[in-house]
Amino acid sequence: MTGLGGGATVPGVPELPEVEVTRRRVAPLLVDREIATVETTKPSGFFLTPPATLRRRLVGRRVTELGRHGKYLIGGLDDGSRLLLHLGMTGQLVSASARSPRLFRVSDRHPMATDPWRFAGDRHTHLRLGFRDLGEEVWFRDPRRFGRVEWLAPGAVSPRLAKLGLDALVVDPAAFCAVIQRRRAPLKALLLDQSLLAGVGNIYADEALFRARLHPLRSGTQLSHPAALALLASIQGILLEAIDRGGTSISDFVAPDGTDGGFSANLRVYQRAGMPCLICGTVLMRIVVRGRSTHFCPRCQR
DNA sequence: CCTTGCCTGAGG
DNA sequence: CCTCAGGCAAGG
């Protein structure tokens, strides 16, 4: 998923599609199962809820559902409490058993597919959930620990969730236009703002702006209604495409043969600065907006 | 240095 | 309320 390629340059940051693909793959393992064991690493910023508390609250609970809002996974438990998971930059959920640890991967060509053992039981696995009557466990690995785990009491309001805007796949066109067209900030900044629209990260923001032919520094207020509608269509289109592909952007590895596993073939501007635009041949540019790398075609995107 | 999310402080 | 710079966390 990330940092595994040793020299790969495409960051495999989980955004909405990767989180949704993870949700779909993990849900069958969790839902309607009773949590029997909870193992963690020592307390750290990764645990918004201390490991000991987590253990006490989760053991014996049955998982009723696994939902998603933006980049957050939300596990529902049978006592009305919830378990919040955020994959951060390098988080991944792994299905594992003593017999055959297996990674929830996004590509059959991923090196993890042929070498799953390298991920078994290493020091980066911070949360392990075991279930009654099920050999397989669900592991949360996260080498950089930008990910987060939080237990929410029944009825508790999570400030993190409360701040989120509508999910990028759920928001309707009118609501999107209303929120984006009255903001003066650059479109790139607006798309990254999780309180406006939840789920879009750096990669898909750049790709969506390119497909909508909009300059990342354009102000939201400068968007016509049709342009705003087109932008939302681009965003949702690329997110759905990515989900269909299995969340390709989750990979940032270099395959044994030196290729990148096909990931960058799906990217038209992200990390392609200095290369020719696939549409017009103009050299693609990289600028920094809000401290984030931003890639675009100066000719196609106005 | 690079990434995300969160926070605070400085300004409009 | 809105915008934006800067810092933090973490590791390769």
Side-chain angles (χ1 to χ4, degrees), chain A residues 1-19 22 41-50 68-74 84-92 111 118-119 122-127 140-150 157-165 167-168 178-207 216-223 247 249-254 263-264 267 269-273 286-295:
Chain A
M1 189 173 294
T2 183
L4 302 172
T9 53
V10 179
V13 179
E15 301 184 25
L16 187 152
E18 291 72 32
V19 177
T22 297
T41 47
K42 67 179 196 300
S44 72
F46 179 83
F47 297 100
L48 296 175
T49 301
R68 181 191 59 75
H69 187 160
K71 305 174 194 175
Y72 283 91
L73 286 172
I74 308 164
L84 225 56
L85 303 175
H86 195 291
L87 300 180
M89 273 188 66
T90 58
Q92 54 186 181
R118 65 186 291 186
F119 302 107
D122 67 317
R123 68 196 176 94
H124 297 308
T125 300
H126 301 294
L127 177 66
F140 188 166
R141 283 189 88 245
D142 188 1
R144 290 179 205 177
R145 281 189 281 169
F146 275 31
R148 295 291 182 262
V149 176
E150 183 177 25
V157 175
S158 162
R160 314 175 85 85
L161 290 184
K163 279 178 196 145
L164 291 181
D167 186 86
V179 73
I180 205 106
Q181 286 186 287
R182 62 181 167 78
R183 294 295 208 107
R184 197 169 286 108
L187 291 176
K188 176 61 184 284
L190 297 176
L191 293 188
L192 292 179
D193 188 338
Q194 302 299 299
S195 73
L196 299 182
L197 190 69
V200 178
N202 209 34
I203 298 174
Y204 293 111
D206 282 2
E207 295 296 316
L217 291 180
R218 274 269 290 272
S219 158
T221 56
Q222 294 173 325
L223 273 192
S249 80
I250 211 165
S251 331
D252 95 338
F253 58 90
V254 175
F263 168 49
S264 63
L267 297 179
V269 288
Y270 188 73
Q271 288 209 342
R272 293 194 70 246
R286 174 188 181 275
I287 58 177
V288 174
V289 181
R290 281 288 228 290
R292 306 290 190 243
S293 291
T294 299
H295 316 75

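Just so it is clear: chains get the letters A, B, ... in the order the sequence lines come, proteins before strands, and each one is counted from 1. Below, each value reflects all heavy atoms present in this structure, side chains not excepted, and no hydrogens, waters or symmetry copies.
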Practice item. Decide, applying a 5.5 Å centre-distance limit and a 30° plane-angle limit (both strict), whether A:Phe146 stacks on B:dG5. Key: no
Review point. NE2 of A:His126 versus C1' of C:dA10: gap in Å, rounded?
Key: 9 Å
Point to revise | Closest to side chain of A:Ala185, choosing from C:dC4, B:dC7, B:dT3 | key: C:dC4
Review point. Contact class for A:Asn202 (heavy atom, under 4.0 Å): base, sugar-phosphate, or nothing?
Key: sugar-phosphate
**Study point:** A:Gln271, A:Lys188, A:Glu15 screened by side-chain hydrogen bond (donor to acceptor under 3.5 Å, both in side chains) with A:Asn202, the one that passes
**Key:** A:Lys188
**Study point:** Whole-Å gap separating P (B:dT4) and CZ (A:Arg148)
**Key:** 14 Å
Practice item. Whole angstrom is fine here: how far is it from OH in A:Tyr204 over to P in B:dT3? Key: 16 Å
Review point. Do the side chains of A:Ile203 and A:Leu267 get nearer than 4.5 Å, heavy atoms only?
Key: yes
Exercise for review: In whole angstrom, give the distance that lies between atom CE of A:Met89 and atom C1' of C:dG12.
Suggested key: 10 Å
Exercise for review: Remember a base hit wins even if backbone is also touched, and classify A:Pro186 as base, sugar-phosphate or nothing at under 4.0 Å, heavy atoms.
Suggested key: sugar-phosphate
Review point. Any side-chain N or O of A:Arg145 under 4.0 Å from OP1/OP2 of C:dG11?
Key: yes
Review point. Between C:dA5 atom C1' and A:Leu192 atom CG, what is the distance in whole Å?
Key: 16 Å
Exercise for review: Look at the side-chain N and O atoms of A:His86 and state whether any lies under 4.0 Å from the OP1 or OP2 oxygen of B:dT4.
Suggested key: no
Exercise for review: Name the nucleic acid region contacted by A:Ser44, choosing base, sugar-phosphate or nothing; use a 4.0 angstrom heavy-atom cut-off, strictly under.
Suggested key: nothing
Point to revise | Which nucleotide in C:dC4, C:dC2, B:dT3 has an atom nearest any side-chain atom of A:Arg290 | key: C:dC4
Review point. Is any side-chain nitrogen or oxygen of A:Arg182 closer than 4.0 Å to OP1 or OP2 of C:dC2?
Key: yes
**Study point:** Side-chain N or O of A:Arg184 closer than 4.0 Å to phosphate OP1/OP2 of C:dC2
**Key:** no
Check your understanding: Separation of A:Lys42 atom NZ from C:dA9 atom C1', in whole Å?
Key -> 14 Å
Practice item. Would you check if A:His86 and A:Val149 make a side-chain contact, meaning some heavy-atom pair closer than 4.5 Å? Key: no
Review point. B:dC7 phosphate, OP1 or OP2: any side-chain N/O from A:Lys163 under 4.0 angstrom?
Key: yes
Check your understanding: Any side-chain heavy atom of A:Leu197 within less than 4.5 Å of one from A:Val179?
Key -> no
Practice item. Figure out the CD/C1' separation between A:Glu15 and B:dT3, and round it to whole Å. Key: 10 Å
Practice item. Scan A:Arg292 against the nucleic acid and name what it touches under 4.0 Å (heavy atoms): base, sugar-phosphate only, or nothing. Key: base
Practice item. Give a yes or no on whether the backbone of A:Ser219 and the side-chain of A:Gln222 come within a donor-acceptor separation of less than 3.5 Å. Key: yes
Exercise for review: Using whole Å, report how far CZ of A:Arg144 lies from C1' of B:dT4.
Suggested key: 11 Å
**Study point:** A:Asp167-A:His69 side chain donor-acceptor pair, cut-off 3.5 Å
**Key:** no
Check your understanding: Which one, C:dG12, B:dT3, B:dT4, comes nearest to the side chain of A:His124?
Key -> C:dG12
